[in-house]
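Take a look at the structure set out below.
Remember, it's 1-based here, ligands and their atoms both numbered in the order they're listed.
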Amino acid sequence: MMQTQAPIAIIGAGPAGLTLARLLEVAEIPYVVFERDVSANWANEHQSSGTLDLHPNTGQAALLEAGLLPKFQSLARYGVPITIADAQGKIHSFLSREGDEDEPEIDRKDLRDLLLSSLPPSKILWDHKIQRIEKENNGSVTIYFTHQDPKSGFRLVVGADGAWSKVRSTIISSKPQYSGIHFFSSFIKPENPIYPLAASKAGTGSFLAFGKERQIFLYYLGDGSYHVSVGLKISEKNIPDESILASASTLWDTFLQEYFTGWASDLTKFVRSCDGKFRSWPLYTMTEDAILSWDHVPRVTLVGDAVHLTVPTGDGVNNAMHDSVNLARHIILLGVNDLESATLAYEKEMRPRAVAAIQKGHWMTRHMFLAKGPEEILAAMGTDD
Ligand SMILES: Cc1cc2nc3c(=O)[nH]c(=O)nc-3n(C[C@H](O)[C@H](O)[C@H](O)COP(=O)(O)OP(=O)(O)OC[C@H]3O[C@@H](n4cnc5c(N)ncnc54)[C@H](O)[C@@H]3O)c2cc1C
């Protein structure tokens, strides 16, 4: 078994894991990142991913601390307009956001590339899908992978491995609960004949159409294409098999069609005409109880969705990066010889934030994803049309 010198193992090269890696890199604290994707480009080539808005006090503050804010600002889209419509395409609200500098958008893949480009490639081990971790009698931690040899000798393992974290079970016994909401996503490229219609609805912003417990969203991306997201309430047992995700027509004809009866065909056409394979996003959430009953476990901790997974609230990536800033600050302050005090301090600060994030997710489920339509959403947001 190979011994490694890095005291800290970060599991997962998502926004949380890479932010932590970058902050440790700048502070010259040794670490290694293990990521299940086979390469840096795998996700870009195989998964449809959308856009994220970074908030001033969390996501942007993390990039400032990481020395990456100017680069982010050169990639980000500011003042992105938002249109809210109903299932017939009637517009209920238009937020121009011109001059709004607060919550710029960046494509998920650009954020990952930005963070990756700030790290030495040798510190990220791709194709390392972890299966489990085990504590040794000497107190160190060994990590077991699905295809690679185990690696041992870690003094701290940080689970930044997202919704289905393998590290989480070492700390928290309960599993994420299905929220009842399922999203499918794909994209429309500029060459697609439907593109001009999408551009007329969303422009360089977001077009969000809400029907009863159904949504069709269009988001403008940095390369000019549109990310298409379709949300609906379905029971867990009705979540369709991956086999129908291969093309828009298969997914529409065999599954989605019946759920979108009565919707304007202009809107459903966006789903039926998508260019790529669909990605399936059943939305799960952790419970407040899981966080409140978590007792600190030495040598292991969690950041990001691994700990406070919720349905999308617009805060997920921001909270994930904020966790990493706080954990990094405590590690840097106390040094690698007192990782125990650093993780205890981080967890004490993070727990109430995690509970608040989960509660916000419940609010979003009730008032947005399960709403009857845009009127209810705008009323809940305090911006009645
Ligand atoms: C449909 C949808 C839309 C969303 N929209 C927004 C939004 O607009 N704004 C926002 O702020 N948030 C949004 N979110 C939430 C946001 O995506 C997450 O909160 C954020 O990505 C969490 O970052 P993370 O680094 O904790 O986890 P992740 O981004 O999930 O990253 C985890 C990483 O760990 C890797 N990994 C997983 N398992 C293993 C393993 N066993 N071994 C090794 N590596 C592993 C993964 O490949 C991945 O690279 C959305 C989520 C969904 C589902």
Check your understanding: Mind checking who shares a hydrophobic cluster with V26, ILVMFWY linked at side-chain heavy-atom distances under 4.5 Å?
Key -> none
Practice item. Provide, to 0.1 Å, the distance between atom 2 (C) of ligand 1 and the closest protein heavy atom, together with that atom's residue and name. Key: P312 CG, 3.6 Å
**Study point:** Nearest-neighbour protein heavy atom for atom 6 (C) of ligand 1, which is reported as residue plus atom name and distance
**Key:** L52 CD2, 3.7 Å
Practice item. Ignoring hydrogens, just give me the one of L302, V317, I181, L283 whose non-hydrogen atom is nearest atom 11 (O) of ligand 1. Key: V317
Exercise for review: Sort and list the pairs that fulfil salt bridge (charged side-chain N to carboxylate O under 4.0 Å, His left out) and have at least one residue in residues 322-340, not counting sequence neighbours.
Suggested key: E65-R329, D323-R353
**Study point:** For atom 53 (C) of ligand 1, the protein heavy atom that lies nearest, with its residue and separation
**Key:** W281 CE3, 2.8 Å
Check your understanding: Relative to W263, does R214 satisfy both conditions: NZ or CZ under 6.0 angstrom from the six-membered ring centre, and within 45 degrees of the ring's axis?
Key -> no
Check your understanding: So which heavy atom in the protein is nearest atom 35 (C) of ligand 1, and how far is it from that ligand atom?
Key -> E35 OE1, 3.2 Å
Practice item. Indicate yes or no: does an N/O atom of K166 lie under 3.5 Å from an N/O atom of ligand 1? Key: no
**Study point:** Over 12 foreign heavy atoms within 6.0 Å of NZ, K123
**Key:** yes
Exercise for review: Report yes or no: does a heavy atom of R108 sit under 4.0 Å from some atom of ligand 1?
Suggested key: yes
**Study point:** Shortest protein contact, atom 25 (O) of ligand 1 (heavy atom only)
**Key:** A16 N, 2.9 Å
Practice item. Kindly identify the option in G361, G14, G159, G59 whose heavy atom sits closest to atom 33 (C) of ligand 1. Key: G14
Review point. Looking at ligand 1, does R112 have a heavy atom less than 4.0 Å from it?
Key: yes
Check your understanding: Going by atom types only, do E347 and T301 share a side-chain donor-acceptor pair under 3.5 Å?
Key -> yes
Review point. What do you reckon, are the aromatic ring centroids of F270 and F207 less than 6.0 Å apart?
Key: no
Check your understanding: Of L54, T51, T310, which has the heavy atom at the shortest distance from atom 8 (O) of ligand 1?
Key -> T51
Review point. More than 12 heavy atoms of other residues, nucleotides or ligands under 6.0 Å from NZ of K135: is that the case?
Key: yes
Study note, to complete from the structure: Ranking M321, R132, R36 by closest non-hydrogen atom to atom 44 (N) of ligand 1, top hit is R36
Practice item. Give the residue and atom name of whichever protein heavy atom lies nearest to atom 32 (C) of ligand 1, and the separation in Å to one decimal. Key: A160 O, 3.4 Å
Study note, to complete from the structure: With heavy atoms and a 4.0 Å threshold, my read on which part of A320 contacts ligand 1 is side chain
Practice item. Find all atoms of ligand 1 within a distance of less than 4.0 Å from any non-hydrogen atom belonging to D305, and give their numbers and elements. Key: 18 (C), 19 (O), 20 (C), 22 (C), 26 (O)
Point to revise | Whether H128 and F34 hold their rings parallel, tilted or perpendicular, with breakpoints at 30° and 60° | key: tilted
**Study point:** Heavy atom of the protein closest to atom 37 (C) of ligand 1 (residue, atom name, distance)
**Key:** D161 O, 3.3 Å
Practice item. Before accepting this row, confirm whether a basic side-chain N of the pair D127/R36 lies closer than 4.0 Å to the acidic partner's carboxylate O. Key: no
Check your understanding: Between the side chain of D107 and the main-chain N/O of L221, is any donor-acceptor distance below 3.5 Å?
Key -> no
Review point. Between the candidates A163, S324, G314, G316, which shows the shortest non-hydrogen contact distance to atom 15 (C) of ligand 1?
Key: G316
Practice item. Please examine the side chains of R272 and S265, heavy atoms only from C-beta on, and report whether any two atoms are closer than 4.5 Å. Key: yes
Review point. Under a heavy-atom criterion of less than 4.0 Å, does L309 contact ligand 1?
Key: no
Exercise for review: Would you check whether I130 has a nitrogen or oxygen atom less than 3.5 angstrom from a nitrogen or oxygen atom of ligand 1?
Suggested key: yes
Review point. Does a donor on one side chain sit under 3.5 Å from an acceptor on the other, for S39 and N41?
Key: no
